[in-house]
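First comes the structure, then the notes that go with it.
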Amino acid sequence: MKRQRKQEIEDSLPDQATFGADFKVALLPSLDQLINVVIPEKQSIILEAIRSVSMKYSNFYLTLDDMNKKIRNVSNLLGRSVETSNPFPAIEEVQLGVVSKIEKFESFDALKAFNLEWEKWEEASSTTIPSTAFIRSFEAAYHSLSLLKLNTNLSSLVDLEINMTENGTRRIIATMLIWQGSAVKAYQNWPVL
């Protein structure tokens with residue numbers, strides 16, 4: 001069966017002699033359409049797909065960066081607002097703060113590097129092919145995002161941190177927050193970091 005089909009295909013092909021000058025000239029309009037229409041259209045579609053995904057990556061990075069700044073602001077406000085006096089003479093300088101986990105994400109650095117390359121490419125014309133640095137940063141961002149363990153729990157984004165001086169030694173006490181419904185339960189690990 002395969003041999004018969006192969007023979008039919010070979011029989012339907014024109015003889016090598018028929019690929020003369022006339023045949024080659026007749027192919028010029030098709031070649032022109034391929035070079036000037038089909039390839040540019042495909043390139044444009046691919047570039048637009050890259051731009052679309054890149055814009056989403058950039059927006060995600062900018063959202064994380066903005067959230068990071070807001071967490072710092074909340075931490076500063078919390079540190080100024082909470083009464084930190086205590087009845088223990090050995091404990092001094094108690095400070096509360098919310099610490100962002102965002103900058104610790106492997107993806108954050110990859111997204112930041114990608115965003116810099118994205119901004120460079122975005123300034124170029126829409127037909128400019130991305131640089132090698134852009135492609136590498138895009139691949140790194142894609143890879144790191146595929147490994148990112150981010151969920152909707154606040155505890156995946158922030159930690160509550162208590163700093164204090166105990167008997168003259170600076171201590172950091174980490175508190176893990178677990179969200180259940182609308183209430184927050186604080187489980188204290190109390191490790192000295």
Side-chain angles (χ1 to χ4, degrees), residues 24-82 95-163 170 172 174-179 181-182 184 193:
K24 292 175 183 175
V25 169
L27 288 178
L28 286 177
S30 297
L31 185 59
D32 179 59
Q33 183 175 1
L34 178 67
I35 292 171
N36 295 317
V37 178
V38 175
I39 292 174
E41 282 178 1
K42 299 289 183 190
Q43 179 179 336
S44 176
I45 290 168
I46 291 168
L47 290 176
E48 189 54 41
I50 292 171
R51 282 188 191 281
S52 176
V53 173
S54 296
M55 193 176 300
K56 289 177 184 178
Y57 283 8
S58 177
N59 288 341
F60 183 60
Y61 165 74
L62 294 173
T63 300
L64 287 177
D65 193 44
D66 185 52
M67 188 178 300
N68 210 27
K69 290 173 186 170
K70 288 179 180 177
I71 290 169
R72 275 191 230 115
N73 289 340
V74 167
S75 183
N76 291 336
L77 181 62
L78 179 66
R80 290 189 306 266
S81 302
V82 174
Q95 298 172 341
L96 294 176
V98 179
V99 179
S100 173
K101 292 181 181 179
I102 292 172
E103 288 179 342
K104 296 175 186 172
F105 295 156
E106 181 182 326
S107 297
F108 189 75
D109 289 337
L111 283 169
K112 186 175 184 177
F114 168 76
N115 195 60
L116 292 172
E117 292 299 325
W118 160 247
E119 288 174 350
K120 290 177 195 174
W121 188 49
E122 188 180 32
E123 291 174 3
S125 72
S126 62
T127 58
T128 303
I129 295 175
S131 68
T132 303
F134 175 89
I135 299 296
R136 285 188 183 129
S137 66
F138 182 88
E139 289 172 342
Y142 173 80
H143 178 71
S144 66
L145 285 172
S146 68
L147 301 174
L148 183 62
K149 302 282 191 264
L150 188 64
N151 57 43
T152 58
N153 291 336
L154 183 60
S155 62
S156 72
L157 299 175
V158 296
D159 275 331
L160 181 63
E161 190 173 272
I162 304 169
N163 293 294
R170 194 76 185 146
I172 299 173
T175 304
M176 184 173 87
L177 297 178
I178 298 177
W179 289 84
S182 60
V184 176
L193 304 176

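Being a predicted model, the structure only gives us computed values, none of them experimental. Starting from 1, each residue takes its place in the sequence as its number.
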Interatomic distance, CG@Leu34 vs CG@Leu27, rounded to 0.5 Å, equals 11.0 Å
Distance-minimising heavy-atom pair for Asn163 and Arg170:
CB-NH2, 3.1 Å
Mind checking whether Tyr57 and Phe114 have parallel, tilted or perpendicular rings, split at 30° and 60°?
perpendicular
Using only atom types and a distance under 3.5 Å, with no angle test, would you say the side chain of Ser75 pairs donor to acceptor with the backbone of Val98?
yes
Short side-chain to backbone donor-acceptor contact, Ser52 and Glu48, under 3.5 Å:
no
Could you pull out the closest heavy-atom pair between Trp121 and Ile129, with the gap in Å?
NE1-C, 3.7 Å
Do the side chains of Arg136 and Glu139 get close enough for a salt bridge, i.e. N-O under 4.0 angstrom?
no
Hey, are Glu103 and Arg72 close enough for a salt bridge, meaning a charged N less than 4.0 Å from a carboxylate O?
yes
Are any non-hydrogen side-chain atoms of Ser131 and Glu117 less than 4.5 angstrom apart?
yes
Write down the atom of Phe134, the atom of Pro130, and the distance for their closest heavy-atom approach.
CD2-CB, 3.3 Å
Would a distance-only check, ignoring hydrogens and angles, find a side-chain to backbone donor-acceptor pair under 3.5 Å from Trp118 to Arg51?
no
Evaluate Ile162 against Ile172 for side chain to side chain contact (heavy atoms under 4.5 Å, CB included), listing each step before the verdict.
CA-CA 6 Å; Ile162 304 169; Ile172 299 173; over 6 Å; no
Atom CG of Asn115 and atom CG of Asn59: how far apart are they, to the nearest 0.5 Å?
9.0 Å
With respect to Ile102, which candidate in Asn68, Thr63, Asp65 satisfies the side-chain contact (heavy atoms from CB on, under 4.5 Å) definition?
Asn68
Evaluate side chain to side chain contact (heavy atoms under 4.5 Å, CB included) for Leu111 paired with Phe105, printing each intermediate quantity in order.
CA-CA 10 Å; Leu111 283 169; Phe105 295 156; over 6 Å; no
Donor-acceptor contact below 3.5 Å, side chain Ser144 vs main chain Ala140
yes
NZ of Lys112: more than 12 outside heavy atoms within 6.0 angstrom?
no
Counting neighbours of CD on Glu122 that are heavy atoms of other residues, nucleotides or ligands and sit closer than 6.0 Å, is the number greater than 12?
yes
Using modelled atom types only, decide if a donor and an acceptor are shared between the side chain of Ser58 and the backbone of Ser54 within a distance under 3.5 Å.
no
Working to the nearest 0.5 Å, report the span between CE of Met67 and OG of Ser100.
9.0 Å
For Lys101 and Val158 the tightest heavy-atom approach is CE-O, 3.6 Å
For the CG atom of Leu145 and the CZ atom of Phe108, what is their distance to the nearest 0.5 Å?
12.0 Å
